[in-house]
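Predicted model only: the values in this text are computed from it and were never measured.
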Amino acid sequence: MPASHSTRRGAPTRRGRTAAVSGAGLLTAVLLAGTLVGCAEEGEQIPSIGYAIDNTVTTYNANSVAGAVSGARQAFARVLPGFNYTGPEGGPVADTDIGTANAMPGDALTIQYKLNPNSVYSDGVPMSCDDLVLTWAANSGRFTRRNDQGATVPMFDAASTAGYTDIDRIDCQTGAKDAVVTFKAGRNVTDWKSLFGATSMMPAHVVATATGVPDIVSAVQNSDTAALTRVADFWNSGWTMTPGDLDLTLFPASGPYKVESFSADEGLVLVANDRWWGNRPATSRIVVWPKSSDISARIGDGAVEVVDVAAGSTPDLDLGGFEVTEVASRSVEQFVLSTSGLFENAAGRRAFAACLPRDELATKFGLAAEPDADGAGSGGPVGTRVTAPDSLVHQSVAGAVGGRYETADTAAATAALADTDNTSATVRIGYLGPNPRRADIVSAVAAACAPAGITVQDVASPEFTPSMLRGGQVDVVLAGTASAPGAAGTAAATTAMYALRSGNGSNFGDYSNSRVDRIVDQLAVDDSTATQLSLSTEAENILWSDVPTVPLFDQPRTVAFASGLQAGTVNPTVSGAGWNMDRWVLRR
């Protein structure tokens, strides 16, 4: 028997509190949860469970620009685990199945990482600190090259440099099980426990073999440009996943599951990894069904037992026979605006913001069936971009910046548009479709903006990616935190902040403001209430003037577990419901 809504959320704690549970503790806790939420064990255990998500699966590498806005983090959290995972409350939880991370004394933040001595990939190659060094190199932004236009750009197409760019060095002997990570002086990153987490550490030995760079650690330590160029090229695109065409030697697993196959008809099939050193998966086979799989049809066929989608995002969704929970998530539904064309000037962006009925949109589309105690999901518009709803300063910052652009103001929109020397304009809004809720949002915006001379076009498609904003195919992206089409967000504001920082891969609108950059950098290392309040307020005042994004509401998520499924636990963060898929049991 599935759990009640409150049980699935976990203990009734304030959202955002970080659970202090180790990897082994996770397994114990979730096994206990399964005992509590499930009925007495009766019926035959089903050997395979289908898991439907509202995003695409296009790459194994969740850290690249393409991977971060795909469903890779939901699909591979128990295929490529790390030193931590994002728990249901939104904070990082230590996963000691992989290893330990402990701060060492000293003025500079220094962390000693020790991999489990038994840790090994599914292809038999031991995990090593080489994997940490590759993760750092790829996400640090340190290694650059010239593009075809002669501009200096990062070698690695990383979605975010948050935290990794603050690392000064990693002391690692090639092939060793331990490493010491030393941060730059004065850069004691407050969210360091989230680094090297689930899906962040890719198999360095695969890259070494594919690129002919036998010692990646040495290449990084010596800044070997030629070698690192080959490494970056593979890291950027070598793990692309095309249904029906996978070379499984490139996709070894370090978790309880490994990839067996991927096809349009059969989904992404994960099976038990026989080299996994931890507790065996409770169910030997999980099939991940991406958005492109026609989730409604798969549910009708009986191929899906777990559903994790944004509320109202899936056409013709029939969840009869499921225990359904709708909660506010850590992701903020928002418009991400281009900084070119009509929106090259802030006046153009203000014109669009002014005609938006934000209050109406939040009330109609942002009300969750189970609002959070902190107000998330209560149907009100989100007023800040760089603070979480349950942070100590959130209400103060929101109050200080006031309610900006909450109701449609045709006169203000018309005046701002005139400042761009235009009396009319066309704005193309893109998102990953089909998505009925987002289609209704765009329709409502089109009706509200038309009187101001702004024609809004819905250009959603199943092939949409936020990178189309950079390519000029769209003017606005409608998505969640950091432009993610599906599950997103954590208790920390790190991802949201860095999506507004100059040069960051997840900053799809290419917004740049040097003062905002400095504020983001300071907020990352100073968690004092006074600093957070002062700088967050300053940042929001700048952002509401520049309008690189327009936050709408905390995205409601619909999570459903089939009758008879045990240990299903809602995780309204970037991890999604699949965060503990290795504990799922289905009996019928």
Side-chain angles (χ1 to χ4, degrees), residues 19-34 45 47 49 60 62 72-73 75-87 92-102 111-135 172-179 181 193 195-209 248-260 269-286 288 567 569 575 578-585:
V21 184
S22 69
L26 162 67
L27 297 173
T28 301
V30 173
L31 284 170
L32 176 60
Q45 181 174 345
I49 295 175
Y60 202 46
R73 286 193 172 96
F76 301 126
R78 302 305 292 154
V79 176
L80 293 169
F83 285 91
N84 62 80
Y85 58 88
T86 302
V93 182
D95 189 345
T96 54
D97 282 330
I98 296 299
T100 59
N102 294 299
I111 312 299
Q112 183 175 53
Y113 289 89
K114 290 188 175 182
L115 287 160
N116 189 311
N118 299 318
S119 58
V120 62
Y121 283 97
S122 56
D123 60 4
V125 177
M127 294 186 73
S128 70
C129 61
D130 302 36
D131 301 324
L132 279 80
V133 171
L134 174 62
T135 300
C172 158
Q173 293 185 353
T174 302
K177 286 286 188 181
D178 61 288
V181 175
K193 291 182 180 179
L195 301 179
F196 304 104
T199 70
S200 70
M201 292 195 299
M202 304 303 294
H205 70 280
V206 169
V207 182
T209 300
L248 291 179
T249 63
L250 301 178
F251 302 93
S254 55
Y257 288 109
K258 64 181 180 181
V259 175
E260 181 182 70
V269 179
L270 310 178
V271 295
N273 173 11
D274 55 9
R275 290 186 181 272
W276 171 244
W277 56 95
N279 290 349
R280 304 298 297 167
T283 295
S284 61
R285 184 176 186 266
I286 304 291
V288 180
T569 306
S575 292
W579 72 288
N580 71 333
M581 63 170 64
D582 53 318
R583 296 300 95 202
W584 292 346
V585 174

Does Tyr257 form a side chain to side chain contact (heavy atoms under 4.5 Å, CB included) with Asp582? I'd like the steps, not just the answer.
CA-CA 8 Å; Tyr257 288 109; Asp582 53 318; 3.7 Å; yes
Please check if the number of heavy atoms outside Gln112 that lie under 6.0 Å from its CD is greater than 12.
yes
Interatomic distance, CZ@Phe76 vs CE@Met202, rounded to 0.5 Å, equals 8.5 Å
Side chain of Thr209, backbone of Val206: donor and acceptor closer than 3.5 Å?
no
Ala567 backbone acceptor or donor facing Asn580 side chain under 3.5 Å
yes
Do the ring centers of Tyr60 and Phe251 come within less than 6.0 Å of each other?
yes
Salt bridge or not between Asp95 and Arg78? Use side-chain N to carboxylate O under 4.0 Å.
yes
Between Thr199 and Ala62 (side chain of the first, backbone of the second, donor and acceptor by atom type, cut-off under 3.5 Å), is there such a pair?
no
What verdict does the side chain to side chain contact (heavy atoms under 4.5 Å, CB included) test give for Thr249 and Asp123, after you've listed the backbone C-alpha separation in whole Å, the side-chain angles of each residue and the deciding distance to 0.1 Å?
CA-CA 8 Å; Thr249 63; Asp123 60 4; over 6 Å; no
Within the distance-only criterion (no hydrogens, no angle test), does the side chain of Trp277 pair as donor or acceptor with the backbone N or O of Gly255 below 3.5 angstrom?
no
Do you know which two heavy atoms are closest between Leu115 and Phe83, and how far apart they sit?
CD2-CZ, 3.7 Å
Any side-chain heavy-atom pair from Asp178 and Tyr113 closer than 4.5 angstrom?
no
What is the distance from atom OH of Tyr85 to atom OG of Ser575, rounded to the nearest 0.5 Å?
9.5 Å
Considering all heavy atoms, the nearest Tyr121-Ser254 contact
CE2-CB, 3.7 Å
How long is the gap from NE2 on His205 to OG on Ser128, to the nearest 0.5 Å?
9.0 Å
Identify the two heavy atoms, one from Ala253 and one from Leu80, that lie closest to each other, and give their separation to 0.1 Å.
CA-CD2, 4.5 Å
Look up atom CD1 in Ile111 and atom CG in Leu132, then write down how far apart they are to the nearest 0.5 Å.
12.0 Å
Least distance between heavy atoms, Leu270 atom then Val288 atom
CD1-CG2, 4.1 Å
Heavy-atom side-chain proximity of Val125 to Val120 below 4.5 angstrom:
no
Point-to-point distance, once rounded to the nearest 0.5 Å, from CG of Asp274 to CH2 of Trp276
13.0 Å
Distance check, rounded to the nearest 0.5 Å: Met201 atom CE versus Ile98 atom CD1?
6.0 Å
Does the pair Val271 and Ser284 meet the rule for a side chain to side chain contact (heavy atoms under 4.5 Å, CB included), with working shown?
CA-CA 6 Å; Val271 295; Ser284 61; over 6 Å; no
Identify the two heavy atoms, one from Trp579 and one from Thr569, that lie closest to each other, and give their separation to 0.1 Å.
NE1-O, 3.1 Å
List the atom of Ile286, the atom of Trp584, and the distance in Å for their closest heavy-atom pair.
CD1-CE3, 3.9 Å
Determine whether a donor-acceptor pair (N or O, by modelled atom type, separation under 3.5 Å) exists between the side chain of Lys177 and the backbone of Met127.
yes
Look at the side chain of Asn84 and the backbone N and O of Lys193, then say whether any donor-acceptor pair between them is shorter than 3.5 Å.
yes
Expected output: side-chain Asp131 to main-chain Ala204 donor-acceptor under 3.5 Å:
yes
Side chain to side chain contact (heavy atoms under 4.5 Å, CB included), that's the test. Do Val259 and Leu248 meet it? Break it down for me.
CA-CA 8 Å; Val259 175; Leu248 291 179; 4.1 Å; yes
Mark yes or no for whether Ser122, through its side chain, and Asn273, through its backbone, hold a donor-acceptor pair below 3.5 Å.
no
Is a donor on one side and an acceptor on the other found under 3.5 Å between the side chain of Glu260 and the backbone of Arg285?
no
